[in-house]
Visitor: 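Here it is: the structure, laid out below.
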Protein chains: 2
Amino acid sequence: MTQTFERLDVPPAYQLVFQAIETEIVEGRLNAGDRLPTETAMARQFGVNRSTVREGIRLLEQSGLVRREAGRRLHVSLPHTRELAPRVSRAMVMQRVTFRELWEVAMALEPAAAALAAARISDAALTRLEENVEATRQAVAAGDPVVPLDVEFHALVAEAAGNKALLLCREPMSLLFYPAIRVLFTKSETGRIAQGRLIKAHEILLDALRARDEKTARDWMTRHIVDFKRGYAVRGLDMDAAVDRLSLLAV
Amino acid sequence: MTQTFERLDVPPAYQLVFQAIETEIVEGRLNAGDRLPTETAMARQFGVNRSTVREGIRLLEQSGLVRREAGRRLHVSLPHTRELAPRVSRAMVMQRVTFRELWEVAMALEPAAAALAAARISDAALTRLEENVEATRQAVAAGDPVVPLDVEFHALVAEAAGNKALLLCREPMSLLFYPAIRVLFTKSETGRIAQGRLIKAHEILLDALRARDEKTARDWMTRHIVDFKRGYAVRGLDMDAAVDRLSLLAV
DNA sequence: TCTTGCCCGTTTGTCCGACAATCAGAGCGT
DNA sequence: ACGCTCTGATTGTCGGACAAACGGGCAAGA
């Protein structure tokens, strides 16, 4: 009988450099804030050329594990939501995720975030939410766009939930979902009605959070998200159409 | 009066190369499967050195936007869950996410996934779930580890929900959550009891999905996730301890 | 016909050496 | 103390080079 062999892949040296440094970081021997050695030094240590080290560094850079501070020296850094979320969002767009799919995820996450926030919200966070709601009222009065403020409102609620895993899960969805509802708040009559409902929901949510009332927070957030779906239906928009690439640039 | 200027940052050329190609892909002028030009050709087109192009390619590679097929030529590819989820998981570990945080997210996502799956599951997916539950029964009988099968069960349910956004949100959490519950299923007496409860929950869930019973699916998934928390408490484990780095290697 | 071996142009991975721009810090003058 | 200049270190970019591996064509052998 003939022995079958599985394809053995020889990773190029620059990937080994990447993995070596990545391991140091993940295993905690290099901590956030630490400075990496210079490229030449690492080239000497690894016994490869500086170009090879540089290619490895690019991989680290894109993973968010190292960052180039204002100057030039490389620092180890925590990969942060601001870098990871856009990549996941982009993947969603490329996989032709629909508004319905985003809405379903929002229906799961946003009410949960609201309930957690009600239990844990700090006074500082409450103040920022109050400012946000006030700004939204003014934007509506002035005819300015409300969606950026809506995005902020929900982000603040999620942040107040004090759950870093939730933030990481929610952000990519949020990045696409809220831009996609921009159409619901145009200057038409329907748009004005939708803005009124949005303000009311935010106000009630704010009150519920202030009162540490988990149940009301959860229920009204649910209503609020359901409202977006209804807005879509009322306008005859297709919930099963893929979210557009343009959404990525919107916020 | 003197004009004030804000610091203008000149991105290095390799990042421009990255952005240029990234844009081509995101805007749809380059589609998944397309072959990229050779490095020398791109260097000629961009008017930069091949080394610079290569550094840009490393950034694309790490984003999952291009892939090195078996041979060598670079193909455009959809960034997939398998690449994105581990990065987010790693970020969670580095941010010292606790089991409680993961559990809260699971409490939001898993019941929703179960309900959606009940509405949409295909016969093929049902078959795979049945096989999984059967394999779990055998693993319990044989004393083999059940956690990998549990991970698979929940992944199958999520897949059956037919929601790509949900999959992308859920995966990073799942990658950490299920390894973290491994301790609950040791060979002790408590472990055996926990295994029994797990099997029962999976069986009922399977029946609910087969019957397209959304409510039962959601309720039992909720119970099932609550059970994990109880298991943690019963064993006196600290839910507010950061999930360990080791979890990353576990599955 | 199918396999094997060989040749050849192409492409990637790696290396070497070089240099301008820029930053950090030392030293200096006021 | 403050500002200035000089100097060395470091990064970003370049040009050129070469071995290894691949793809494909072609010929020899079963």
Side-chain angles (χ1 to χ4, degrees), chain A residues 1-22 24-25 30 33-77 83, chain B residues 2 4-22 24-25 30 33-77 83:
Chain A
M1 75 171 262
T2 49
Q3 173 75 34
T4 68
F5 295 106
E6 59 183 19
R7 166 160 192 86
L8 57 95
D9 56 334
V10 198
Y14 66 85
Q15 284 185 13
L16 297 179
V17 169
F18 166 64
Q19 284 168 22
I21 303 177
E22 180 193 31
E24 294 297 298
I25 296 176
L30 278 174
D34 291 359
R35 262 196 295 278
L36 284 174
T38 67
E39 296 176 352
T40 359
M42 289 192 279
R44 215 176 21 246
Q45 291 177 35
F46 286 122
V48 298
N49 192 274
R50 185 163 79 100
S51 313
T52 307
V53 171
R54 281 177 64 81
E55 295 193 27
I57 291 179
R58 295 305 154 246
L59 296 181
L60 288 168
E61 190 178 309
Q62 190 64 4
S63 320
L65 287 174
V66 307
R67 185 164 316 186
R68 174 184 350 291
E69 282 295 316
R72 17 188 46 358
R73 201 57 159 281
L74 285 177
H75 291 68
V76 176
S77 80
E83 301 137 32
Chain B
T2 49
T4 70
F5 295 107
E6 59 183 17
R7 166 159 193 85
L8 57 99
D9 56 333
V10 198
Y14 66 86
Q15 284 185 13
L16 296 179
V17 168
F18 165 64
Q19 284 169 20
I21 303 178
E22 180 194 32
E24 293 296 298
I25 296 176
L30 278 174
D34 291 358
R35 262 197 298 276
L36 285 174
T38 66
E39 296 176 354
T40 8
M42 288 192 280
R44 212 173 27 242
Q45 290 177 36
F46 287 120
V48 298
N49 193 274
R50 185 161 79 98
S51 314
T52 308
V53 170
R54 283 177 63 80
E55 295 191 29
I57 291 179
R58 294 307 152 245
L59 296 181
L60 287 168
E61 191 178 308
Q62 190 64 5
S63 322
L65 287 175
V66 307
R67 186 164 314 186
R68 171 186 357 290
E69 282 296 314
R72 18 183 52 343
R73 201 56 159 280
L74 285 176
H75 291 69
V76 176
S77 79
E83 302 137 32

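In what follows, every heavy atom counts, from backbone to side chain, and hydrogens, waters and symmetry copies are set aside. A, B, ... follow the sequence lines: proteins, then strands. Residue 1 opens every chain.
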Visitor: Take atom CZ of B:Arg58 and atom P of D:dG12, then tell me their distance rounded to the nearest Å.
Guide: 16 Å
Visitor: With the side chain counted from C-beta on, respond yes when A:Glu24 and A:Gln19 share a heavy-atom pair under 4.5 Å apart, and no when they do not.
Guide: no
Visitor: With nearest nucleotides of DNA chain C determined for B:Ser51 and B:Glu39 from heavy-atom distances, which residue corresponds to the more 5′ nucleotide?
Guide: B:Glu39
Visitor: By side-chain contact (heavy atoms from CB on, under 4.5 Å), which residues pair with B:Arg50, not counting sequence neighbours?
Guide: B:Glu39, B:Thr40, B:Ala43, B:Arg54
Visitor: NE2 of B:His75 versus P of C:dT12: gap in Å, rounded?
Guide: 12 Å
Visitor: Starting from the 5' end of DNA chain D, give me the residue, B:Arg50 or B:Glu55, whose nearest nucleotide shows up first.
Guide: B:Glu55
Visitor: Taking the minimum atom-to-atom distance to the side chain of B:Tyr14, which one of D:dT11, C:dG13, D:dG12 wins?
Guide: D:dG12
Visitor: May I ask you to evaluate whether B:Thr38 reaches the phosphate of C:dT10, defined as a side-chain N or O under 4.0 Å from OP1 or OP2?
Guide: no
Visitor: Taking atom P of C:dT12 as reference, at what distance in whole Å does atom CD of A:Gln15 sit?
Guide: 15 Å
Visitor: Check A:Glu61 with A:Arg58, please: is the shortest side-chain N to carboxylate O separation under 4.0 Å?
Guide: yes
Visitor: Counting only side-chain nitrogens and oxygens, does B:Asn49 get under 4.0 Å of the OP1 or OP2 atom of D:dT13?
Guide: no
Visitor: Take the protein atom CZ of A:Arg54 and the nucleotide atom P of C:dC16, then report the distance between them rounded to whole Å.
Guide: 16 Å
Visitor: Can you tell me how far P of C:dG13 sits from CZ of A:Phe18, to the nearest Å?
Guide: 16 Å
Visitor: Mind calculating the distance between CZ (A:Arg44) and P (D:dA9) to the nearest angstrom?
Guide: 12 Å
Visitor: Measure from CD on A:Glu61 to P on D:dT11 and round the result to the nearest Å.
Guide: 12 Å
Visitor: Taking atom C1' of D:dG23 as reference, at what distance in whole Å does atom CZ of B:Arg35 sit?
Guide: 11 Å
Visitor: So, B:Gln15 versus A:Gln62: side-chain donor-acceptor pair below 3.5 Å or not?
Guide: no
